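Below: one structure, written as structure tokens.
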Amino acid sequence: NDFLLQFQADILGCTVLRPTVLESTALGAAYLAGLGVGVWGNASELTALKAIQAEFAPQRTDADRERLLAGWEKALRQTRSR
């Protein structure tokens, strides 16, 4: 979902990419099978197949990022303590 991907970009401080194919596990298995039977000569040929649906760039200041990260870490601590 757009909100969570933007949240990740803001907390990580880096761009998050959403691929066109969301079933990346199945796609990876298909790529490996294709490599195994010679559909592609090597893994670098698969790079050209990568398609990005959306990019989420960080939109927060460093201070906001630190505050969001602290809130995220607090939420994790609270779930672990139960």
Side-chain angles (χ1 to χ4, degrees):
N1 112 6
D2 287 355
F3 174 80
L4 291 176
L5 291 173
Q6 185 61 58
F7 183 74
Q8 286 179 343
D10 289 339
I11 284 208
L12 296 171
C14 65
T15 300
V16 174
L17 305 175
R18 177 193 295 146
T20 302
V21 177
L22 299 179
E23 293 295 335
S24 57
T25 304
L27 184 60
Y31 284 167
L32 287 174
L35 282 170
V37 299
V39 173
W40 298 285
N42 57 55
S44 62
E45 290 181 35
L46 299 175
T47 304
L49 303 175
K50 181 173 71 174
I52 302 302
Q53 181 188 53
E55 291 187 23
F56 298 85
Q59 298 178 351
R60 304 287 182 141
T61 64
D62 286 341
D64 282 344
R65 182 179 158 279
E66 289 177 23
R67 183 183 53 77
L68 288 171
L69 187 55
W72 179 256
E73 290 170 346
K74 179 181 176 183
L76 288 177
R77 279 193 309 275
Q78 288 175 334
T79 28
R80 289 182 184 159
S81 67
R82 292 183 181 184

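The structure displayed is predicted, hence computed values, not measured ones. These numbers come from the heavy atoms of this one structure, side chains and all, not from hydrogens, waters or symmetry mates.
- Judged by distance alone, with hydrogens and angles left aside, the side-chain atoms of Gln6 form a donor-acceptor pair with the main-chain N or O of Ala57 at under 3.5 Å.
- Side-chain contact between Arg65 and Asp10 is absent, with no heavy-atom pair separated by less than 4.5 Å.
- For the residue pair Ala30 and Trp40, the shortest heavy atom distance occurs at O-CZ3, 4.0 Å.
- Residues Leu46 and Leu35 form a side-chain contact, since some pair of their non-hydrogen atoms from C-beta on lies under 4.5 Å apart.
- The list of salt bridge (Lys or Arg N to Asp or Glu O under 4.0 Å) pairs with a residue in residues 14-32, not counting sequence neighbours, reads Asp2-Arg18.
- Connection of Leu22 to Tyr31 is not established within any shared hydrophobic cluster, with ILVMFWY side chains joined at heavy-atom distances below 4.5 Å, either directly or through further cluster members.
- Checked by atom type and distance alone, the side chain of Asn42 pairs as donor or acceptor with a backbone atom of Glu45 at under 3.5 Å.
- Neither Leu69 nor Leu12 shares a network with the other; the hydrophobic side chains, linked directly or stepwise wherever heavy atoms of I, L, V, M, F, W or Y lie under 4.5 Å apart, form separate groups for each.
- Of all the heavy atoms in Leu17 and Pro19, the pair that sits closest is O-CD, 3.7 Å.
- Atoms CH2 and CZ, on Trp72 and Arg77 in that order, are 13.0 Å from each other to the nearest 0.5 Å.
- Considering CD1 of Ile11 and CZ of Arg67, their distance stands at 9.5 Å, rounded to 0.5 Å.
- Across all their heavy atoms, Cys14 and Pro58 have their closest contact at N-CG, 3.4 Å.
- When all heavy atoms of Asn1 and Leu4 are compared, the closest pair comes out as OD1-N, 2.9 Å.
- If you chain together hydrophobic residues whose side chains sit under 4.5 Å apart, Val37 and Leu27 fall into the same group.
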